[in-house]
Amino acid sequence: MEEVRVRFPPSPTGYLHIGGARTALFNWLFAKQHNGTMILRIEDTDEERSTQASIDGIIDGMTWLGLDWDEGPYFQTEFEHDHIAAANRLLASGQAYKCFCTKEELERKREAAMAEKKHDIGYDGACRHLSAEEVAAREGQGLPAVIRFKTPERQGVLFYDDEVLGRIERAYADIEDFVIVRSNGKPLYLLCNVVDDIRDRITHIIRGQDHMTNTTRQVLLYEALGAKLPVFAHMPLTLDLQKAKISKRKHGEVVAVQYYRDMGFIPWALCNFLCLMGWNPGTDQEYFTREELIEAFSLSRISRVNSVFNYKPGDPKFFTDPKLIAINEHYLRTMPIEELGEMVRSELEREQLWDQAYAGARRDWYLHTLNLIRDRFHTLKDFTGAGRAYFADEYAIDPKPLAKNVLKEPQLAAWLPMLAERFAALDAFTAEETERVSRELADELAVKPGVLINAMRTVLTGQLAGPSMFEIVVTLGRDKVVQRLARVDHLFAAA
RNA sequence: GUCCCCAUCGUCUAGUCAGGUCCAGGACACCGGCCUUUCACGCCGGCAACACCGGUUCAAAUCCGGUUGGGGACGCCA
C-alpha cells in the first residue's frame, strides 16, 4: 500500500484552538495508524496577520498535546517560487488568465447584481476572453493584474468522493473564476495549498467542513496541474451552544489549547475528549490509551454532524465542557501514580513546593499522598490549591469550613490542643491509635466524635472535604499534626 | 440571496448504508439511594431524544419526497 502522508497546516494568526487541535489530532491518529508521515506546515502567506508568537504557540500546543510530526515545520512562504511557477504554468497552458478588474469595479458590479436580482453572481468573467493584444496593452499601461483560474467550460457537475460524507457534487457553472495570485504578485491560499500538498505528496487531506467549497475548486487545480487527487475527509465543525463556529475572537481563552495547560489538564485527557467530538469507535468505549485510540481510529467513523462544545460562560463549577472535566478527572484518578507524580512535580515546582526528597527518600510518601488525595481533585492545579497543606505549612483555611467546623464551637480552642497532647504522647502514631484517642476525648467531653474530627480536618488541611481523617493524620505525620493542632489560637483570635 | 453539508436525550453519541431483535443503547450533566466522621470516589437506581408532514412497506429512527430548522462557504484571508 502506498505510504500515507498527511499534514496539519495552521495559519499562524492566533493561538492554537481546540478545533485546530482536533484537526491535528485526527491527522496524527491516521498517520500513526498507517505508519505514515505527519507534516506540520505553517501557512504564513498572509504576511500582515502572521506572527512569530502564534507560530510558537502552535508548536508549543502541539508539543504539549503530544502530537508529534515527522516533517517540518515547513513554512509556506519559503516555497513561493513553486507557487509562482505553478501559476505561470497555468497561464501558459491557458488554464488561467490575467484579470485587470479592480476591487472597486468588482464591488460595484456585485452591488448592482445584488440590487437587481438579489443574487450574488460572483466574478462575471470580464477579463476571461481578453486577447493577447488587449492583455499586452493593459500591461503596457502599467495596470495591475491578478491571475485567475479559468474554470473549465463544462456542463454538469464536478464531484469527488469524501471519506466521511460520500460523493460531493457541485455544478461547474457555480464555480467562479477564482484568484490564485494577487496583483502584488503574491500567490493565494487556494493555489499554495494545492502546490504544497502535491510537492509534499499528501495522500489524505483531513480538514474541517468549512473547507468544502475550497475543495471543489482545488479539485480543479489538481486536474489542471496534472496531479493525482488525494483522498478528502471533511470533518464536522465544533460549534458553541449558540451553534456558531468556535473561534478565538468570540470565545477567548476557553477555546485555546494553552488554557487547558494553564488550568492543569492532562494533555491526553484533552485529546481523548477532542477525539470524541465528531468520532466514535462504534462501541461503548470512551476512554482510550494512545495506542488504543490509534488502533481504533477510522475516517469512516467520523460523524457528519457538527458537535457542540458545551461551555456556558460564568459557571465556576463548569469552567469548560463538563465532559472534558469528567474525562480529566478520570485520568487523574486512574493513571499510573508514577506518571501522575511527574505531572504534579511540575505543579509543585512552579509553586516552589517541590522537595527533592520526593524523588528520593520520600518518594513512597509522595506517591502515597497523591494517591490519597487525587480522588477528589479535578485538575492538576488542585494539588497545589486544595492539596497545598500536604506539601506546605503555609496554607489558607477555607472560611466556610472554618466557620462551620471550628469557630462555631469556641471550646475547640482548648480541645484541639488537648488532642495534640494526646497524639504527642502516643506510642504508635497510627490511624487506629489516633482514632481511638480522638473518640476517647470526644467521649470524655461528651461531644460527638464528628465535632473533633471535622474540626481537625479543617485545621490540618484547610478544607471542608478530604480523605479519611486518620489517613490524613498518618500521612502528615505526628510533628505537623501536633504542631497544627496545638496552635489554633490565632484562628479564634481573628474571628 | 446562491451553492454545499447536516438533523436521535440538555451535551457527546450508538443505531441509518444491508427496514423487523429499538415503546431507541452508552457517556457526561442533573436527581435519588447505598457507603461514610466530612466531602468525594465507588456502586445501584431515575429523569431525558428519533424536528415536522407525506409516501413506499406486513413493518420506518432507518428508504424516498417535501417542509422546517441548524451550520458552512460565497475575500487580491487561510
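Here is how names work: the chains are called A, B, and so on, in the same order as the sequence lines, proteins then strands, and each is numbered from 1. Only heavy atoms go into these numbers, but all of them, side chains included; no hydrogens, no water, no symmetry mates. A quick note: this is a predicted structure, and the numbers were derived from the prediction, not measured.
- The line from CZ of A/Arg484 to CG of A/Leu416 is 13.5 Å long, rounded to the nearest 0.5 Å.
- The residue A/Arg374 sits apart from the nucleic acid: no heavy atom pair falls under 4.0 Å.
- Considering only side-chain N and O atoms, A/Thr213 lies nowhere under 4.0 angstrom from the phosphate OP1 or OP2 of B/C4.
- Residues in residues 74-84 of chain A take part in these salt bridge (Lys or Arg N to Asp or Glu O under 4.0 Å) pairs, two or more places apart or across chains: A/Glu80-A/Lys186, A/Asp82-A/Arg199.
- Here the separation of B/C17 from B/C74, taken at their C1' atoms, is 32 Å to the nearest Å.
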Self-check item: Criterion side chain to side chain contact (heavy atoms under 4.5 Å, CB included) on A/Lys98 and A/Arg138, from CA distance to verdict
Solution: CA-CA 10 Å; A/Lys98 292 193 174 172; A/Arg138 280 164 219 232; over 6 Å; no
All N/O donor-acceptor pairs, side-chain side in residues 447-464 of chain A, below 3.5 Å, sequence neighbours left out:
unit_1, atom_1, unit_2, atom_2, d
A/Asn454, OD1, A/Arg457, NH1, 3.2
A/Asn454, ND2, A/Gly450, O, 3.2
A/Arg457, NH2, A/Pro467, O, 3.2
A/Thr458, OG1, A/Asn405, ND2, 3.2
A/Thr458, OG1, A/Asn454, O, 3.0
A/Thr461, OG1, A/Arg457, O, 2.7
A/Thr461, OG1, A/Gln463, N, 3.2

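- Donor-acceptor pairing under 3.5 Å, judged by distance alone, is absent between the side chain of A/Asp44 and the base of B/A78.
- Each of A/Lys323 and A/Thr102 was matched to the nucleotide of RNA chain B holding its nearest heavy atom; the match closer to the 5' end belongs to A/Lys323.
- Between B/A59 and B/C23, the distance separating the two P atoms is 16 Å to the nearest Å.
- For CZ of A/Arg422, the number of neighbouring non-hydrogen atoms (other residues, nucleotides, ligands) closer than 6.0 Å is greater than 12.
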Per-nt protein contacts along nucleotides 33-40 of chain B (heavy atom under 4.0 Å; B base, S backbone sugar-phosphate only, - none) come out as ----BBBB
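- Residues from residues 13-24 of chain A that place a heavy atom under 4.0 Å from any atom of RNA chain B: there are none.
- Rounded to whole Å, the C1' atom of B/A49 lies 27 Å from the corresponding atom of B/C58.
- Taking the P atom of each, B/C5 and B/U11 are spaced 24 Å apart, rounded to whole Å.
- Within 6.0 Å of NE2 on A/His330 lie more than 12 heavy atoms contributed by other residues, nucleotides or ligands.
- Considering only residues two or more places apart in sequence or on other chains, A/Asp443 meets the side chain to side chain donor-acceptor pair (under 3.5 Å) condition with none of them.
- Heavy-atom minimum distance, A/Leu65 versus A/Ala21: CD1-CB, 3.8 Å.
- Residues A/Gly282 and A/Asp174 each lie close to RNA chain B; by heavy-atom proximity, the contact nearer the 5' end of the strand is made by A/Asp174.
- Contacts with RNA chain B (heavy atom under 4.0 Å) in residues 144-162 of chain A: A/Val146, listed by number.
- At a threshold of 4.0 angstrom between heavy atoms, the contacts of A/Arg301 are confined to the sugar-phosphate backbone, with no base atom among them.
- Residue A/Arg182 places at least one side-chain N or O closer than 4.0 Å to OP1 or OP2 of B/A78.
- Across every strand in view, B/C3 sits in a pair with B/G72 that passes the Watson-Crick or G-U test at under 3.5 angstrom.
- Here, B/C6 and B/U13 have their C1' atoms 15 Å apart, quoted to the whole Å.
- Here A/Glu43 lies in heavy-atom contact (under 4.0 Å) with sugar-phosphate atoms only.
- Applying the salt bridge (Lys or Arg N to Asp or Glu O under 4.0 Å) rule to pairs touching residues 372-381 of chain A yields A/Glu347-A/Lys381, sequence neighbours excluded.
- Using cut-offs of 30° and 60° on the angle between ring planes, the pair A/Tyr311 and A/Phe309 is tilted.
- Within the 4.0 angstrom heavy-atom criterion, no nucleotide atom of any strand lies near A/Cys275.
- Using P as the reference atom, B/C64 and B/U57 are 16 Å apart when rounded to the nearest Å.
- For the salt bridge (Lys or Arg N to Asp or Glu O under 4.0 Å) condition, the pairs that include at least one residue of residues 209-221 of chain A, sequence neighbours left out, are A/Asp210-A/Lys245.
- Taking a pair to require two hydrogen-bonding distances under 3.5 Å in either a Watson-Crick or a G-U wobble arrangement, B/C63 pairs with B/G55.
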Provide a list of protein-nucleic acid N or O atom pairs under 3.5 angstrom, restricted to nucleotides 64-71 of chain B.
unit_1, atom_1, unit_2, atom_2, d
B/G71, O2', A/Asn306, ND2, 3.0

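- Across the C1' atoms, B/G25 and B/U8 are found 11 Å apart, a figure rounded to whole Å.
- If you measure from atom CD1 of A/Ile246 to atom P of B/U11, you get 16 Å, rounded to the nearest angstrom.
- Legend: residues meeting ring pair (Phe, Tyr, Trp, His ring centres under 6.0 Å) with A/Phe297, ordered by chain and number and at least two apart, are A/Phe26, A/Trp279.
- In terms of the ring pair (Phe, Tyr, Trp, His ring centres under 6.0 Å) criterion, residue partners of A/Phe149 (sequence neighbours excluded) are, by chain and number, A/Phe178.
- Taking atom P in both B/G71 and B/C39, one finds a spacing of 44 Å when rounded to whole Å.
- Using a 4.0 Å cutoff on non-hydrogen atoms, the parts of residues 164-173 of chain A near RNA chain B are A/Leu165, A/Ile168, A/Glu169, A/Arg170, ordered by number.
- Between the side chain of A/Ser307 and the base of B/C12 there is no donor-acceptor pair of N/O atoms closer than 3.5 Å.
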